[in-house]
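Data first, discussion second: the structure below is written as structure tokens.
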Amino acid sequence: MNKGEILQYFGKHYENRYIVYVSSIKSDKNNSFFIVKDNNKKYLLVIPGNEMGRQFEGNILENKKINKNEPMIKLCSLNHNNLSLLREIFPYLNPSFCGLQSSFGTGDRLGIATPAHIQAFKDKNIFPVLAQQSVREMARTERNWQKVLDDAIWGCFEAGHEGPFGADADHVKEIKDLKDAVDCGYTMFTLDPSDFIRKDLSKLSKKEINNLYEQISERKDIESLYLKKTYKIKEQELKFDEKSLQEIILTYSEALNHVVKCYEFLKGYKKNDFDLEISVDETPTVTSPLAHLFIVLELKRRGVDFQNLALHFLGDWQKGIEYIGDVKQFAKEFSLHAAIAKKIGGYKLSLHTGSDKFSVYPIFAQETEGLCHIKTAGTSWLEEAKVIAMKDPALYREIHQFALVNFEKDKASYNLTTDLSRIPDIDTISDDKLVNLFKQNDSRQLIHITYGSILRAKDNVGKYIFKDRIYQALFRYEEDHYREVYNHIRRHLELLVSI
Ligand SMILES: [Zn+2]
């Protein structure tokens with residue numbers, strides 16, 4: 001059956017019970033598939049035409065056949081087994097390698113924003129990384145690699161997206177997590193060696209530093225490669241003198257060893273091409289151009305084939321709000337990083353905590369000439385919370401009060417300058433003005449970072465206090481949900497002007 005016939009046939013019998021996602025309708029070898037929803041949830045509908053179609057798990061819809069030649073319809077749940085069958089039939093539902101194309105990651109903490117994300121990428125020459133979650137985020141949202149990937153793929157199917165897209169196992173620190181992500185089918189791996197980066201050098205005496213340095217067995221070999229060497233980058237000369245090289249080796253050598261170990265594992269374990277990102281962004285200090293140069297030269301020398309590098313760039317990068325710092329100064333220093341990347345070649349620069357940094361996007365895209373990757377995550381969650389504030393103000397008020405109580409505890413792992421006293425008392429704000437809270441940095445960050453506590457909160461009989469109601473509200477107001485997320489992510493993508 002073609003799209004029109006399916007709609008006509010289904011509409012004739014079930015119009016009043018289900019709403020069809022028209023863009024999801026797909027057929028293959030006499031089997032037809034599409035997504036519908038009733039008042040409570042979404043389903044996969046299968047009109048099987050052969051054995052493959054009959055393998056889907058589900059219930060045959062009550063028979064309202066007008067004549068006996070009409071096909072049966074199966075109502076199937078959006079579960080992992082059914083998705084695996086769909087991925088076999090439609091291989092474009094599998095995530096794929098991105099390489100050096102411009103790319104953008106849209107983390108999706110609730111797992112229901114993918115259709116809106118896909119819409120935002122329309123007509124943009126930017127590779128979407130639709131499944132992207134860090135180990136830390138998954139602990140906070142009680143999700144796992146498989147669930148994150150499955151949710152994104154169901155979103156692709158609903159939207160009729162025929163690929164490509166990537167799946168990023170973000171901020172992975174341990175090989176066992178890499179293994180799990182490979183097993184689930186992830187295509188991109190972001191290694192976070194921050195636990196191995198030395199952060200205490202500024203607090204140590206010269207003697208202590210020298211002692212530590214003596215303990216690095218490979219220091220002589222590394223020195224012979226870099227000491228007193230200069231690199232002409234743009235109009236500047238970057239030189240490894242004794243002091244700077246010692247500091248860089250002490251700071252990064254253990255981290256690089258860890259990266260090499262992880263890479264060797266991935267190379268042996270992952271059968272197909274994969275994108276590898278090295279992230280040293282979660283460090284207390286800004287990555288200097290000289291350290292950047294050292295990291296990439298060492299990675300290349302040691303045979304690590306990486307596509308992305310995330311550095312800690314100059315300025316204050318906080319969650320869910322604009323860049324804090326001197327944009328001109330950032331532009332100046334960043335142009336040097338971009339020039340290093342260009343000179344060494346073969347990799348993209350990656351910007352983490354990239355959401356809402358509208359003032360630096362044009363610089364980032366232009367200087368890298370599109371050899372860039374950007375990650376956003378919590379900003380889609382913020383749009384979702386905003387929709388709750390717009391459509392279910394009573395629920396939002398409860399969430400807001402709960403977030404205020406949990407903020408102190410939850411802020412520990414973040415770099416923030418949030419001042420809760422600047423957030424107006426929510427009891428003095430009328431329902432129609434709640435949305436303004438999402439224009440103010442302090443209230444944005446309040447909701448941005450407390451997501452884990454909000455989603456995991458349970459009452460004394462073990463029932464979620466907010467989670468189910470959040471999903472229900474966003475299901476009910478799906479059009480508003482998709483529109484707000486689309487608008488916000490689109491605004492990000494539009495600013496990557498030179499791509
Ligand atoms: Zn990061």
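Every number for a ligand or one of its atoms is a count from 1 in the order of the listing. Residues take their numbers from the sequence shown, with the count starting at 1.
A centroid separation of 6.0 Å or more is found between the aromatic rings of Tyr252 and Phe294.
When the salt bridge (charged side-chain N to carboxylate O under 4.0 Å, His left out) test is applied to Glu264, no partner is found at least two apart in sequence or on another chain.
Put simply, the side chain of Arg444 gets close to the backbone of Phe438: a donor and an acceptor are under 3.5 Å apart. In this structure a side-chain-to-backbone donor-acceptor pair under 3.5 Å is missing from Arg491 to His488.
Nearest approach of Leu110 to Tyr471, heavy atoms of both residues: O-OH, 2.7 Å.
Salt-bridge annotation for Lys243 and Glu247: present, with a side-chain N of the basic residue lying under 4.0 Å from a carboxylate O of the acidic one.
Of all protein atoms, those that are N, O or S and lie under 2.8 Å from the Zn ion (ligand 1) total 3.
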